[in-house]
Amino acid sequence: MKLYLYNSLTRKKQQFEPIKSGAVGLYTCGPTVYNYAHIGNLRTYIFEDILKRVLIYNGYAVKHVMNITDVGHLTGDRDMGEDKMEAGAAREGKSAWDIAEYYTRSFKQDLEQLNVLAPDVWVKATDTIPEQIALIRTLEEKGYTYPTSDGIYFDTSKFKDYTKLSHQDLEALREGARVERNPEKRNATDFALWKFSPQGSKRQMEWDSPWGVGFPGWHLECSAMSMKFLGEQLDIHCGGTDHIDVHHTNEIAQSEAATGKSFFNFWMHGAFLIIQGGKKMAKSEGNFLTLENALMKNDINPLVYRFASFLTHYRKPMEYSDESIEAARNGLLHLQNQVRQITTAGVEAQSSVSAEFQNKFNETINDDLNMPRAMAVIQEMLKSKLSDARKYSTVMDFDRVLGLQLDQLAHDQALPEAVQKLVAARLQARQDKDFATSDQLRAEIEALGYQVQDTPDGMNVVKK
RNA sequence: GGCGGCAUAGCCAAGUGGUAAGGCAGCGGUCUGCAAAACCGCAAUUCGUCGGUUCGACUCCGACUGCCGCCUCCA
């Protein structure tokens with residue numbers, strides 16, 4: 001079945017065809033590990049996970065690479081700020097390396113909680129320094145670089161297709177610049193490939209290079225890593241929408257200048273999460289929410305957030321609020337109950353997947369990952385005239401893409417001892433027809449975050 | 001100032017030329033000791049405003065209004 005994806009390069013939905021038949025190289029921009037990921041960041045990783053799962057669903061072998069930026073990402077623009085890692089280290093009184101390690105682990109935990117498939121290759125920027133230096137060398141030989149007092153820079157005026165991704169008007173951009181310029185730069189858009197360690201101070205992260213001791217520029221790592229692990233010409237590169245104008249634009253410039261070939265065929269970007277009032281989530285906005293403090297702290301399953309993200313298309317800003325999480329929580333619980341309903345008949349045994357609904361579902365997700373509509377297809381299927389067995393098989397097939405762990409529902413019944421006791425007591429009370437006590441116990445169970453379902457087969461208690 | 005995006009029921013949100021998916025909340029019903037869960041049914045004569053094109057527009061064009069993103073660190 002044909003797969004259509006929106007390509008930021010052409011600003012159109014295009015049919016996707018990998019360079020090598022049957023296999024896809026996927027590169028997703030990872031985090032800068034100087035702080036926790038917030039749920040806005042996480043939205044992008046969920047979008048990328050859906051993309052990857054859709055590729056797999058369509059039968060492609062996917063090789064997925066994600067970078068960990070642990071050096072070189074500056075706090076200010078114009079290549080003049082502090083390194084975020086060193087700043088994080090100073091803030092927390094730890095070494096930059098400890099900071100990187102700590103937040104990398106935290107990030108990976110978040111992805112696990114959200115059931116995001118791990119990439120095949122994790123790469124740290126600091127593990128590819130030789131490759132990055134080699135790339136600068138190539139650019140130097142080809143005449144794309146120039147030195148300044150603080151580093152080696154890429155001359156963007158020498159790369160003719162510089163705006164092919166951003167579609168920006170550089171003249172206009174220059175006029176509107178409201179940031180102080182680095183006077184040694186030849187063009188406002190030039191960027192650092194290598195930064196020298198500051199005079200007289202010792203950085204925690206620094207390396208020798210042909211140009212002097214220092215560290216690589218932020219954009220360089222992604223070029224070096226993706227080429228190292230995926231080759232010079234690649235299929236799909238993703239990231240947040242904010243990366244279009246600078247980060248990805250610079251990656252394209254340095255990569256294509258170095259290889260003379262077009263870099264990635266598809267560029268895909270996820271839209272932001274915004275909170276009530278329409279603001280994006282960011283540290284600087286003071287509305288920074290992590291998975292932990294937005295959901296887990298309130299005893300809400302992180303998969304609720306995953307489910308919530310399916311309700312808005314990835315290219316549209318997603319509204320976040322307590323109400324939206326509550327709606328998603330109820331929505332997921334409903335879906336889980338629907339699946340439980342068709343599981344109880346003991347029909348877990350394989351039945352064939354409904355071809356009609358599978359086609360419909362496949363067609364929908366293949367239309368630029370239209371998850372909101374896919375969710376509607378699922379409801380349509382669950383409310384159709386299919387047998388429970390077929391519904392079960394079909395929804396499990398869909399869950400390969402959804403990743404909501406719907407197959408684990410039956411085994412998810414382990415109740416805490418306190419709840420078990422209440423359940424046993426309520427069972428007894430009901431046998432004794434002592435409904436006052438029974439209702440009282442039901443309220444207690446629900447207060448602990450569980451839902452009581454009395455079915456003809458007995459009492460069912462599930463986590464909300 | 002430049003570039004781009006968005007505006008659809010109480011809330012969230014698909015659809016993008018042929019007469020409005022789905023979810024949450026709500027209401028009615030079946031079931032139940034009562035609830036809950038599940039299931040069945042109901043909910044926008046209408047898609048920010050004003051014009052235009054068309055047999056026909058939420059969908060195309062223009063203007064306007066409001067909101068947002070990037071051009072500063074950023075997913």
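The shown structure was predicted, so the numbers you read here are calculated from the model rather than taken from an experiment. In the text below, chain A, chain B and the rest are named by the order of the sequence lines, each starting its count at 1.
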For [X] and [N], give me the distance from atom [atom1] to atom [atom2], rounded to whole Å.
X	N	atom1	atom2	result
H167(A)	C70(B)	NE2	P	19 Å
Y314(A)	G5(B)	OH	P	14 Å
R43(A)	C12(B)	CZ	C1'	12 Å
K316(A)	G4(B)	NZ	P	20 Å
E444(A)	A35(B)	CD	P	21 Å
I325(A)	G23(B)	CD1	C1'	14 Å
R442(A)	A36(B)	CZ	C1'	6 Å
F361(A)	A21(B)	CZ	P	21 Å

Using a 4.0 Å heavy-atom cut-off, does [X] contact any base of the nucleic acid, only the sugar-phosphate backbone, or nothing at all?
X	value
R430(A)	base
A308(A)	nothing
N370(A)	sugar-phosphate
G40(A)	base
L273(A)	base
A327(A)	sugar-phosphate
S324(A)	nothing

What integer number of Å spans the [atom1] atoms of [N] and [M]?
N	M	atom1	result
C47(B)	G4(B)	C1'	23 Å
U8(B)	A43(B)	C1'	15 Å
C60(B)	A44(B)	C1'	23 Å
A37(B)	G23(B)	P	15 Å
U59(B)	U16(B)	C1'	4 Å
C58(B)	G48(B)	P	10 Å
C50(B)	C31(B)	P	49 Å
U53(B)	G17(B)	C1'	12 Å

| task | Quick one: do S324(A) and E319(A) satisfy side chain to side chain contact (heavy atoms under 4.5 Å, CB included)? Show the steps, please. | result | CA-CA 8 Å; S324(A) 68; E319(A) 302 232 0; 5.9 Å; no
Side chains of [X] and [Y] only: does a donor on one sit below 3.5 Å from an acceptor on the other?
X	Y	value
N41(A)	Y36(A)	no
Y34(A)	D70(A)	no
Q109(A)	Q113(A)	no
S255(A)	E251(A)	no

Using Watson-Crick or G-U wobble geometry with both distances under 3.5 Å, which nucleotide pairs with [N]?
N	answer
U54(B)	none
A38(B)	U30(B)
C24(B)	G10(B)
C67(B)	G5(B)
U59(B)	none

| request: Could you check whether the rings of W267(A) and H237(A) sit parallel, tilted or perpendicular, using 30° and 60° as the cut-offs? | output: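 Plane angle under 30°, so parallel.
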| request: Mind telling me whether F47(A) and Y314(A) have parallel, tilted or perpendicular rings, with 30° and 60° as the class edges? | output: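 Taking F47(A) first and then Y314(A), their aromatic rings lie parallel (interplane angle under 30°).
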| query | Taking the six-membered ring for Trp, are H243(A) and W218(A) ring centroids under 6.0 Å apart? | reply |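 When the ring centroids of H243(A) and W218(A) are compared, they turn out to be within the sub-6.0 Å range.
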[X] side-chain proximity, nearest of [options]:
X	options	answer
E319(A)	A13(B), A36(B), G22(B)	A13(B)
F272(A)	C70(B), A13(B), A36(B)	C70(B)
R426(A)	A13(B), A37(B), C34(B)	C34(B)
Q341(A)	G23(B), A38(B), C12(B)	A38(B)

[X] (side chain) and [N] (base): donor-acceptor pair under 3.5 Å:
X	N	answer
R340(A)	A38(B)	no
N460(A)	A37(B)	no
R315(A)	C6(B)	no

Counting only side-chain N and O atoms of [X], is one of them less than 4.0 Å from OP1 or OP2 of [N]?
X	N	result
H334(A)	A38(B)	yes
N337(A)	A38(B)	yes
N330(A)	A25(B)	yes
K383(A)	G23(B)	yes
Q338(A)	C39(B)	yes

| field | Nearest-nucleotide comparison on RNA chain B, the residue closer to the 5′ end among H313(A) and R11(A) | value |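 Looking at RNA chain B, the more 5' nearest nucleotide goes with R11(A).
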| said: Quick check on RNA chain B: between P372(A) and S438(A), whose nearest nucleotide comes earlier from the 5' end? | reply: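 Result of the comparison: P372(A).
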| said: One pair to check against side chain to side chain contact (heavy atoms under 4.5 Å, CB included): H313(A) and D368(A). What are the steps and the verdict? | reply: CA-CA 9 Å; H313(A) 188 90; D368(A) 195 31; 3.5 Å; yes
